[in-house]
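Predicted, not measured: the structure shown is a model, and the values here were computed from it. Residue numbers begin at 1 in each chain, while the letters A, B, ... track the order of the sequences.
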4 protein chains.
Amino acid sequence: MGARPPPDVPRRRGRPRRDQATAAILHAAGELLAEEGLLAMTLDAVAARAGTSRATIYRWWDSKETLALDTIEAQFAAHIERAIIDTGSLAGDLLEDIEARLRAVQAPGMMRLWAAMLGHAHADPAFGDAYRARFFTPVRESAHAAFARAIARGEIPAETDIELALDLLFGAVANRMLHANAPVDAQFARDVVRSVMQGLIAREPSGE
Amino acid sequence: MGARPPPDVPRRRGRPRRDQATAAILHAAGELLAEEGLLAMTLDAVAARAGTSRATIYRWWDSKETLALDTIEAQFAAHIERAIIDTGSLAGDLLEDIEARLRAVQAPGMMRLWAAMLGHAHADPAFGDAYRARFFTPVRESAHAAFARAIARGEIPAETDIELALDLLFGAVANRMLHANAPVDAQFARDVVRSVMQGLIAREPSGE
Amino acid sequence: MGARPPPDVPRRRGRPRRDQATAAILHAAGELLAEEGLLAMTLDAVAARAGTSRATIYRWWDSKETLALDTIEAQFAAHIERAIIDTGSLAGDLLEDIEARLRAVQAPGMMRLWAAMLGHAHADPAFGDAYRARFFTPVRESAHAAFARAIARGEIPAETDIELALDLLFGAVANRMLHANAPVDAQFARDVVRSVMQGLIAREPSGE
Amino acid sequence: MGARPPPDVPRRRGRPRRDQATAAILHAAGELLAEEGLLAMTLDAVAARAGTSRATIYRWWDSKETLALDTIEAQFAAHIERAIIDTGSLAGDLLEDIEARLRAVQAPGMMRLWAAMLGHAHADPAFGDAYRARFFTPVRESAHAAFARAIARGEIPAETDIELALDLLFGAVANRMLHANAPVDAQFARDVVRSVMQGLIAREPSGE
DNA sequence: GTGTAATCGAGACGGTACGTCGAGTCTTGTG
DNA sequence: CACAAGACTCGACGTACCGTCTCGATTACAC
C-alpha cells in the first residue's frame, strides 16, 4: 500500500506527470476533508473539485485514506516549523513542541480527521504503519531528543524512563482532545509538562 | 438518535418484542465486530447470522455504530465487575481500575473497535455524546471517586488537580495502546500510577 | 381465492363482527383508490384511514386487489340502476346501457383503476375469473338480452352474430377510453351504435 | 422519463458503451417478462440473467416499465414487417394489418404483458404518452393510411369517419383478447373487417 | 518526422451495501 | 370469537460509492 507520488526518477519516456493535477487533488481533498470529514468525502467529489478524473487519483493513491494521509501531511507542514527546537530547558523544549502540534491540530476539521485516521490505522495494519511513521514517530523523536539533551546537561537523571514520560506527556494532551473532546489551552500544556517532570525527577527506578 | 432497547414498560398491547431477537442481534454483531471490525461489518451479515431481517435491526437501532455501541457495552459488562473498588490506598485503587479496563479492552478485535468508535464519535456529534456518556464518563468517575477518598483520608493534598491526574493516567495508557499500538502490561500500569502520584503530590498550585 | 365478506351464518360464538369496520374499510379504500390508484394504495393507509388494523383487512380479503374489486363494485352499484332497460328499440336499449356504464366509469380515478384491474386480471388467473364474472359478464348479458328482444320483435335478423356485435360495441368504447385515453361523449356513443347496427343488419352470414 | 438508448452519436470520449450489455439486458428482460410477467419481474433477476449490475440498468432506463416498453418493442420488431401493406383493397389491407399485430401479440406471455403496460399507462401519464406513441399511434396510422388510399380510389365514401372505423376495428379485437380473454382467430378478424366496412359504407353523416 | 510511451479527461461497468417500504403473518391483550 | 396494536420475515426498491476498465486526446522523448 501507500502512495507513490514523486518517484523522482530522473526522466522517463512518455507524457510527464502534470504536477498541477496532483496539487489540485491535494487541495480539493484538503477542503473536502475539513468540510465533511473522511467518511463523507467521496473520490467523486474530490475529482470534480480538482477538475481531474477519478482514475487519475487512483493512479497515484491507492485509497482515499492514503490520499488523506498525504493531504494532512501537507497541511501540517504549513503549521510546523521543522527547525530543531532548543530553548535550553527541558520544560521549554517540551512546551514549544506541544504547542506547535496543537496549532496544527486545531485547524478546522482536523480533530475529526485525526480521529478518522486513527480509526483506520487500526482497521488496516499497513495503513497503521504508514500513519505512525508519519505522524507518531516524528513527534515522539523530537521530544525524545529534548529529553536526551536534558540528560546530557544534567537537568534530569540519566536513568529517566523517557518512553514513559512521552506517553504521559502526549497521552494527557491526546486524552483531553480525542476522548474528552475538550479544548486544550496553554495553561493545560504547562500543567502537564510540570507534572510529568516532577513525577519523573522524584521517582525511583521502576524495577520492583 | 440512539438505540431504544426496551425500557421495561409493564405490558403493552400488540405482539411483544421477541427478546431473543435482540439478544441474537447483539451476539451476532459482537462476533462480526471482533472478526471484521466496524467498517467491514454489514447489517446484512448481522441479520443473516442473527436469523432476523435487516428491517428488525433498523427498528431498534438507527445505525450500525449505535448497534456497535450497545454491543461493546454488553461485552464490557461481562468483563468489568461493577463492585466499587476500595483497596485502601490510592495507588491500589487506580491500579485495580486500570487493570479492569485493560482486561476488557484486550479482548480480540476490541482495540480496532475502540478506535473505530472514537473515529465515529468525532464524525457524528450525537454519537460522540452517547459514546462519552457510556464509555468515557463512567471510567472517569470511578477513578475520580478514588482520588476523592484519598483526599478524605489525607493521602494526597486537598488541592490536587484531579482532572489533570486523570488525563495523565488514562492518557498514558490510551496513548500506548491507541497511538503507539504497543501492548500495555501490568508493569507499565504500575509505572504510570507511580509517576502520576509523585508528580501530583510534589507539585505546587498551577495558577501562575 | 376471492373475498369472503359476509358469510351470513346465523349466529356464531364470540364477539360479533363489527359491520362498521367492513364499511369503513371499503370507504377508505375507495377514497384512496380514487386519490392514488391501486399500486400506490397501501393497506397500511387503508387501515389507518378506516381506523382498523391491517389484520382485520386480511381477515376478510385475501389481497388488496380483491379489496379493490369489492370497492369498485360498491361504487358502481351507486351509479348503475339495476332495473332492466327496455326502451322498445335496440338502439335505445344499447345507448341507455352504454351511457349508464360511462357514467360509472367516468368518476374520478376510475379509468386508472379499471386499467389496473385489467392488468391484474391477466397476471392472476383466479382474479381474472372474478373480475370478468363481476364486471364483464353482467354488462355483456344485459346487452345480449337487448339483442335477443330485438330479434324476437323482428327488428334485426335472427341470424345476427350477437357476440360479434357486442365486441364491436363495447370494444369501440373501451378502445377510445383505455387505449386512446380520449374522452367518450354521447355523440360518439350514438355513432358507434348506429355503425354497428348498420354493419350487422346488412351483413350476410359469415361462414364462407 | 423514458429510456435513452444510444442516439448513435458519432464517437464520444470515455469508455464506450458496451452494446452487448444493452442487448443482454433486453434479452433477459424479454425472457423474464414472458415467464413471470411485469410485476413479478425483478430488476435483480434481469441483471443477474443479463450478467450486468442493477446500476447499469438504472443508468439507461428509469423504471422497469420503461425497460419493458423497449423490450416488447424489440420483440414486436421481429414479428412485424415494416414494409407498407398495400393489397389493393381496403379489406385486404386491414386484414393484413390486423393479422400482423395478432401474430406479434400472441407470443407467450404477451397478453399479460400488454395488459400490464396498459395498466401502468394509466398510472403514470408520462409513461402513458410513451406507450401510446410507440404502440398505439403507429398501428392507428398504418390503418389510417389504408383508409385514405381506399377513399382516393373511390372504394369508400370520402366523408367516411375513419377515426370511428379504427375504434370499431381495433376495439373489437382488443375487447375479445383483453376483456373476454378469448382467442382471436382469422375468421373473427374477417368478420370484424366486413362488419365495420358495411356499417361505414351504408351510414349517413353522423351530425344530427 | 515519426514512432513509442506515458498521462489525462471522460465515463461506462460490475459490485456491494445502504436505508426504506410494503406485503403478509403472527402474537399478544382487550372487549 | 373479533379486533387493535404492533413486532416480525421477506424481498424488492432506487441510490451511492467503490475500484476497474476502456476509450480518445495529449505530450513528451527517442530514433
Item to check | Which atom of D:R49 lies closest to which atom of D:E35, heavy atoms considered | outcome: NH1-OE2, 3.0 Å
Item to check | Nearest heavy atoms of C:L118 and D:A115, plus distance in Å | outcome: O-CB, 4.0 Å
Partners passing side-chain contact (heavy atoms from CB on, under 4.5 Å) against [X] (at least two apart in sequence or in another chain):
X	result
B:E65	B:L38, B:S63, B:H120, B:F127
D:A47	D:T52, D:I57
B:D44	B:T42, B:R54
A:A24	A:A50

Next on the checklist: Between A:L43 and A:Y58, is the side chain to side chain contact (heavy atoms under 4.5 Å, CB included) condition met? List the steps.
Outcome noted: CA-CA 9 Å; A:L43 286 195; A:Y58 278 110; 3.3 Å; yes
Item to check | Audit row: B:L67, B:W60, side chain to side chain contact (heavy atoms under 4.5 Å, CB included) steps and yes/no | outcome: CA-CA 9 Å; B:L67 170 59; B:W60 302 111; over 6 Å; no
Quickly work out the [X] [atom1] to [N] [atom2] distance and round it to whole Å.
X	N	atom1	atom2	value
C:Y58	F:dA2	OH	P	19 Å
D:E65	F:dC13	CD	C1'	12 Å
D:L38	F:dA12	CG	C1'	14 Å
D:E36	F:dG11	CD	C1'	13 Å
D:W61	F:dC13	CH2	C1'	18 Å
A:L67	F:dG19	CG	P	12 Å
D:R59	E:dG14	CZ	P	8 Å
D:I57	F:dT15	CD1	P	13 Å

Next on the checklist: Between the opening five pairs and the closing five pairs of the helix from E:dG1-F:dC31 to E:dG31-F:dC1, how far apart are the helix axes, to 10°?
Outcome noted: 10°
Item to check | C:W60 vs F:dC3: side-chain N/O to OP1/OP2 distance below 4.0 Å | outcome: yes
Checklist entry - For D:K64 and F:dC13, is the shortest distance between a side-chain N/O and OP1 or OP2 below 4.0 Å? => result yes
Checklist entry - For B:T56 and D:M41, take the nucleotide of DNA chain F holding the closest heavy atom to each; which residue's nucleotide lies nearer the 5' end? => result B:T56
Checklist entry - Can you check whether C:L26 reaches C:W61 side chain to side chain, under 4.5 Å on heavy atoms? => result yes
Checklist outcome for this item: Within residues 42-54 of chain B, the residues having a heavy atom closer than 4.0 Å to DNA chain F are B:G51, B:T52, B:S53, B:R54
Next on the checklist: For C:A55 and D:A55, find the nucleotide of DNA chain E closest to each by heavy atoms; which residue's nucleotide sits nearer the 5' end?
Outcome noted: D:A55
